Amino acid sequence: MSRRVAVYGAGSWGTAFSHVLADAGCEVTLWGRRAALVDAINDTRANPDYLPQAKLPDSVRATTDPAEAAHGADIAVLAVSAQSARPVLEGWAGQWWPRTVFVSLMKGVELGTGRLMSEVIAETTGARPDRIAVLSGPNLAAEIVARKPAASVVACPDESTAALIQTACHTPYFRPYTNTDVIGCELGGAIKNVIALAVGITDGMQLGDNAKAALVTRGLAEATRLGVAMGADPLTLAGLAGMGDLVATCSSTLSRNHTFGAHLGRGLSVAEAQAATTQTAEGVASCKAIQGLAERHGVEMPITRAVVDIIHGGREAVQAVQELMGRTPKSESGHLRK
């Protein structure tokens with residue numbers, strides 16, 4: 001059965017996921033803010049600003065009208081930036097059917113409130129938890145539109161809802177798994193952006209692969225500690241939405257967070273790195289919100305704090321690395337508590 005899906009956000013990931021949904025047999029309406037980009041997508045079947053190399057299936061059409069996208073949609077996929085989610089969704093309140101299922105592709109934590117994106121969706125739409133899902137995993141947009149193999153996780157407290165979304169985006173090259181651990185999947189997706197910034201910084205400083213491996217491993221420990229403190233299953237953080245996404249984002253030059261960090265590591269200022277990266281690096285804003293969650297739950301996250309200090313506190317990257325390396329030695333076996 002063909003499903004009607006509205007995808008909000010015509011950036012790289014929103015466009016790539018529209019491609020997946022269409023290949024899975026869905027009718028997709030892709031919402032974008034800018035009329036020129038929407039017209040280009042409809043006229044050329046490509047997104048010239050983000051993924052010019054990919055030809056979109058004919059079952060994807062674009063619009064600047066959020067109500068038009070919402071009309072008759074079985075599934076509403078949200079791929080806007082995490083920090084703009086609340087005002088955007090508040091402005092669109094009441095446009096969806098009571099049965100529309102929401103899927104978050106957003107990987108961030110809201111500044112000020114510390115809310116996860118599923119919580120923001122619930123508060124702004126009134127949808128119950130069984131109508132809200134998150135999709136997270138090692139999903140680099142440029143590889144997915146090239147139909148290279150990828151896997152992801154669809155998390156929802158309601159297994160039937162997760163299964164519905166799984167079916168809607170399952171293709172020969174995109175393999176979604178289901179999970180009921182929404183908190184674990186969301187935290188994995190948000191924290192990996194922060195760790196990717198740290199890895200990018202050390203790559204820009206040419207500190208080597210040993211440093212990268214240490215950051216990825218200890219970054220996973222940070223994500224797991226916070227996840228457990230907030231009620232997540234630690235096995236979720238060892239899966240696709242945790243370790244899988246962390247590896248892809250920290251190791252690929254296609255990652256905007258890694259790219260942003262690399263610019264900082266080479267000596268660019270935060271403003272210069274933002275200009276050079278061009279697309280939104282969610283970890284830049286979310287790192288402060290994640291550090292706030294860590295403090296609220298009494299969880300130590302030294303890599304996250306170092307990233308916050310570099311990006312928002314003006315600390316030199318060299319000094320931050322020295323402080324991380326100079327911390328009191330600990331037992332690795334207690335990594336979920338230390």
Side-chain angles (χ1 to χ4, degrees), residues 9 11-17 19-20 47 49-54 79-83 105-109 117 134-146 148-153 174 185-209 211-220 222-223 237 239-266 268 270 272-287 290 303-304 306-307 310-311 317:
S12 296
W13 190 206
T15 302
F17 197 63
H19 194 283
V20 171
N47 186 325
D49 290 357
Y50 297 98
L51 294 168
Q53 74 279 21
V80 299
S81 69
Q83 304 309 324
L105 303 187
M106 303 175 287
K107 296 182 178 181
V109 177
M117 293 297 101
V134 302
L135 185 142
S136 190
N139 302 146
L140 298 165
E143 293 186 0
I144 286 174
V145 294
K148 295 181 178 181
S152 198
V153 178
F174 191 81
C185 286
E186 286 201 87
L187 284 177
I191 296 171
K192 61 92 183 182
N193 286 331
V194 181
I195 306 306
L197 285 167
V199 170
I201 290 169
T202 58
D203 279 352
M205 297 169 67
Q206 298 184 340
L207 296 185
D209 289 338
K212 178 185 296 186
L215 284 172
V216 170
T217 307
R218 298 310 302 168
L220 179 63
E222 291 194 8
L237 280 306
L240 287 166
M243 188 61 179
D245 203 1
L246 188 64
V247 168
T249 307
C250 291
S251 62
S252 176
T253 56
L254 295 174
S255 161
R256 63 192 71 174
N257 288 280
H258 179 279
T259 299
F260 192 104
H263 288 316
L264 295 178
R266 296 186 190 106
L268 271 63
V270 171
E272 290 168 338
Q274 286 174 329
T277 305
T278 68
Q279 298 186 46
T280 301
E282 292 283 11
V284 172
S286 288
C287 63
I290 292 167
I303 300 171
T304 299
V307 171
I310 292 169
I311 294 177

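Predicted, not measured: the structure shown is a model, and the values here were computed from it.
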Distance, nearest 0.5 Å, that separates [atom1] of [X] from [atom2] of [Y]:
| X | Y | atom1 | atom2 | value |
| --- | --- | --- | --- | --- |
| Ser12 | Asp49 | OG | CG | 9.5 Å |
| Thr202 | Leu215 | OG1 | CG | 5.0 Å |
| Lys192 | Ser255 | NZ | OG | 6.0 Å |
| Met205 | Ile201 | CE | CD1 | 8.5 Å |
| His258 | Thr249 | NE2 | OG1 | 10.0 Å |
| Leu220 | Ile191 | CG | CD1 | 9.5 Å |

What closest approach, in Å, do [X] and [Y] show between heavy atoms, and which atom pair accounts for it?
| X | Y | answer |
| --- | --- | --- |
| Ala16 | Leu51 | N-CD1, 4.0 Å |
| Ile303 | Ala198 | CG2-CB, 3.8 Å |
| Gly204 | Arg266 | O-CG, 3.7 Å |
| Asn47 | Gly11 | ND2-O, 4.2 Å |
| Cys287 | Thr304 | O-CG2, 3.9 Å |
| Gly283 | Asn257 | N-OD1, 3.0 Å |

Okay, side chain of [X], backbone of [Y]: is any donor-acceptor separation there less than 3.5 Å?
| X | Y | answer |
| --- | --- | --- |
| Asn139 | Ser152 | no |
| Glu282 | Asn193 | no |
| Gln83 | Ala285 | no |
| Thr277 | Gln274 | no |
| Glu186 | Leu135 | no |

Once the angle between the rings of Phe17 and Phe174 is folded into 0 to 90°, is it parallel (under 30°), tilted (30 to 60°) or perpendicular (over 60°)?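 Judged by the thresholds at 30° and 60°, the geometry between Phe17 and Phe174 is perpendicular.
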Pairs flagged by salt bridge (Lys or Arg N to Asp or Glu O under 4.0 Å) wherever residues 195-206 is involved - sequence neighbours left out: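 Checked against salt bridge (Lys or Arg N to Asp or Glu O under 4.0 Å) - neighbours excluded - the pairs reaching residues 195-206 are Asp203-Lys212.
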Is there any salt bridge (Lys or Arg N to Asp or Glu O under 4.0 Å) pair reaching into residues 246-256, and which pairs are they, with sequence neighbours excluded?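 Salt bridge (Lys or Arg N to Asp or Glu O under 4.0 Å) check on residues 246-256 returns no pairs.
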Under 4.5 Å between any side-chain heavy atoms of [X] and [Y], yes or no?
| X | Y | answer |
| --- | --- | --- |
| Val284 | Leu197 | yes |
| Gln53 | Val145 | yes |
| Ile195 | Cys250 | yes |
| Lys107 | Asp245 | yes |

